[in-house]
Amino acid sequence: MSNEETSIHWFRKGMRLHDNPSFKLAYESKNSAGQYYKLRPIYILDPYFRKHIRAGMNRWRFLQQSLVDLDLSLRKLGTRLYVVRGLPEDVFPGLFTKWNVKLLTFELDTEPYARKRDEHVENLARQHKVKVEQKVSHTLYNTELVLRANKGSVPMTYQKFVSVVSSMPEPRRPLSAPTILPAECLLNDDLENEEYDVPTLDELLTLKGFNPEDIKPCLYPGGEVEALRRLEEYMKNKTWVCKFEKPNTAPNSLKPSTTVLSPYMKFGCLSSSLFYYRLKEVIGNSAHSKPPVSLIGQLYWREFYYTVGAATPNFDKMLGNPICCQVPWDSNQEALEAWANGKTGYPFIDAIMRQLNDEGWVHHLARHAVACFLTRGDLWISWEQGLAVFEELLLDADWSMNAGNWMWMSASAFFHQFYRVYSPVAFGKKTDKSGDYIRKYVPELIKYPDEYIYEPWSAPKSVQYRAGCVIGVDYPKRIVVHEEVYKINITKMSLAYKNTKAIKEKNVHPAPSPEEKQKKKRKFK
DNA sequence: GTGCCTGTTGTGCGC
DNA sequence: AGCGCACAACAGGCA
């Protein structure tokens, strides 16, 4: 084992070689004598089954594929990915000593869990006299600088966010992936040491408590190579890019109507900066759609939620979250499970949840429909419970956007027009009148005539028999009557808004004096 | 404080 | 097809 001075680049998100400034530091840095450090690119994998890590099989597979891809690309450069088993706080002290580490680099992560972890690791590094370098490269903008540009306050609306960043310098340009590494930074040690190999999918799934045989076909393979291929596939179609308007894309097409680049963005297989500048390049001087509905607008939504998420305490919870409406949600395990497993008896809702379970991705508007149904629309179940299910099932489950969007969809923050309720029957019909999407994911209903496919409970018994699917026997009866519950829920939301407002006023202002109370009463008369 | 405007993605109806 | 409107009426931002 060589005892030469080493730099570690720690991959977590940012699973790519292109546009990776902290990785670049690891292979380009030299010690005071002007010698390159020996490079050890690592990924730390928790080898235990932990129930609190809410990731389903599909996302573990995506991660495993991304690791294989990263290892392959690194090997082409003469190094490899060293997968280290353990928890970061447990493994770093040993690595620092064993490898004679002088420099540790990684991409900055703004999530609370990651911050705590990284602080801990920074302390360990300090104790071992290891220099730590972090770079902002997951987001287009440094979230702290956005806050500073807004005089230290959090932009609470998308438009406000856009106006703040438009006053800031353009995002940094993406770096190219290295085609060659400095020969002096390359190590011959451990290149074939199996101890550091990427686990096979079967190994990983078994480790995480799953039966590998249960996994569904892979529609969106992980990794940087696939991310770049997918990006370029969409960038080829200039007209489509220029005309893209998110609200006009269908939630229930049989093939995705949007790019499905979100999983690659979540893991950092694709750089936000590269995506941004490729869009600018493709658009050029042509007429094009604008934020919030355009593709660049979609990148801004990500930045918006990252910024608010980084600056708001308890952003992923209702309690203790200053921006979140306080709503007395019901707990209803049975209804929650029916929703999560696609058995609510509303075919459109069930189709979406089954697609999510099987494929790990559903369209943004489909997420709206099922989220509204779970929370303020129908079941009156907490958005935090929905967030947990999404976190498990979505390939692109991303802490800031998951919490931000759940607050949006439940009208708990950002979006406040709670009286606008999605109909679990009407919404899907707009883009799929004949219900082909439902037939694909809810095959029980495959023989239902178009006129009953969205509301099979209203089909006459004779039609149900003829279609080979009797409601209440072969497919569930609907668990709520939407046209009754949504009206009740609107009044409950209205009350929750009034109560939340009252609590906020009580906290901000001192209690009103008796005279002031009288004044207020008079005003309301 | 007050009033006005705006807000990526509602529904159902009528023209 | 696409628009305007009623439905009942929210918060944030700004003048």
Side-chain angles (χ1 to χ4, degrees), chain A residues 150-151 153-164 167 243-253 257-258 262 288-305 307-308 312 321-327 348-349 352 362-373 375-378 401 404-433 454-455 482-505 508-509 512 516 519-520 523:
Chain A
N150 196 36
K151 293 170 192 156
S153 71
V154 187
M156 283 304 294
T157 65
Y158 180 87
Q159 297 302 344
K160 181 72 190 162
F161 173 85
V162 171
S163 90
V164 172
S167 73
K243 288 192 174 157
F244 185 92
E245 292 189 357
K246 188 66 162 273
N248 294 336
T249 57
N252 47 7
S253 51
S257 59
T258 51
S262 52
H288 57 92
S289 56
K290 299 263 162 60
V293 295
S294 64
L295 281 164
I296 285 180
Q298 304 311 302
L299 290 177
Y300 285 161
W301 279 105
R302 179 173 180 271
E303 298 290 315
F304 172 59
Y305 285 129
T307 305
V308 189
T312 307
N321 180 343
I323 67 169
C324 184
C325 183
Q326 303 297 303
V327 181
F348 180 58
I349 300 298
I352 295 165
V362 290
H363 186 277
H364 185 63
L365 291 176
R367 300 180 196 197
H368 272 223
V370 296
C372 182
F373 188 86
T375 58
R376 65 187 170 87
D378 295 85
M401 280 186 291
N405 276 311
W406 271 100
M407 283 190 271
W408 180 291
M409 296 182 282
S410 62
S412 297
F414 308 116
F415 172 82
H416 306 281
Q417 285 145 293
F418 53 75
Y419 39 89
R420 293 187 176 176
V421 178
Y422 288 86
S423 160
V425 170
F427 186 65
K429 282 186 186 170
K430 282 191 286 190
T431 42
D432 178 23
K433 212 159 177 263
Y454 282 88
E455 322 163 69
H482 172 76
E483 53 278 29
E484 289 169 10
V485 290
Y486 92 86
K487 287 179 189 159
I488 300 168
N489 289 346
I490 286 176
T491 62
K492 289 204 271 189
M493 271 316 271
S494 173
L495 194 63
Y497 264 71
K498 286 196 180 86
N499 289 337
T500 302
K501 207 173 169 182
I503 294 166
K504 271 188 189 163
E505 277 167 11
V508 172
H509 307 291
E516 278 171 323
K519 258 190 200 167
K520 274 189 183 169
K523 212 172 157 186

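No hydrogens, no waters, no symmetry mates; every other heavy atom, side chains included, goes into these values. So you know, we letter chains A, B, ... as the sequences are listed, proteins then strands, and number each from 1.
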Looking at side-chain heavy atoms only, is the closest gap between A/Val425 and A/His482 below 4.5 Å? no
Indicate whether OP1 or OP2 belonging to C/dC14 is found under 4.0 Å from a side-chain N or O atom of A/Lys160. yes
Can you figure out which of C/dA9, B/dT11, B/dT9 approaches the side chain of A/Ala426 most closely? B/dT11
For B/dG1, give the paired nucleotide (Watson-Crick: N1-N3 plus N6-O4 or O6-N4; G-U: N1-O2 and O6-N3; both under 3.5 Å), or none. none
Who does C/dG2 pair with, Watson-Crick or G-U, both distances under 3.5 Å? B/dC15
Between A/Gln417 and C/dC7, is there a contact of a side-chain N or O with OP1 or OP2 at under 4.0 Å? no
Could you state the atom-to-atom distance from NZ of A/Lys151 to P of C/dG13 in whole Å? 12 Å
Under 3.5 Å, is there a donor-acceptor pair linking the side chains of A/Thr258 and A/His363? no
Considering every strand and a 4.0 Å limit on heavy-atom distances, what is the contact class for A/Gln159: base, sugar-phosphate, or nothing? sugar-phosphate
My understanding is that only one of A/Trp301, A/Tyr305, A/Phe161, A/Trp406 makes a ring pair (Phe, Tyr, Trp, His ring centres under 6.0 Å) with A/Phe414; could you say which? A/Tyr305
How would you label the contact of A/Phe415 with the nucleic acid (heavy atoms, under 4.0 Å): base, sugar-phosphate, or nothing? nothing
Which part of the nucleic acid, if any, lies within reach of A/Val421 when heavy atoms closer than 4.0 Å are counted: base, sugar-phosphate only, or nothing? sugar-phosphate
Given B/dT9, is OP1 or OP2 found less than 4.0 Å from the side-chain N or O atoms of A/Lys430? no
Partner nucleotide of B/dT8 by Watson-Crick or wobble geometry (both distances under 3.5 Å): none
Mind checking A/Phe414 for me? I need base, sugar-phosphate or nothing, with any heavy atom below 4.0 Å counting as a touch. nothing
Would you indicate what A/Tyr497 reaches in the nucleic acid, counting non-hydrogen atoms under 4.0 angstrom: base, sugar-phosphate, or nothing? sugar-phosphate
A/Trp301 ring over B/dT8 six-membered base ring, under 5.5 Å and 30°: yes
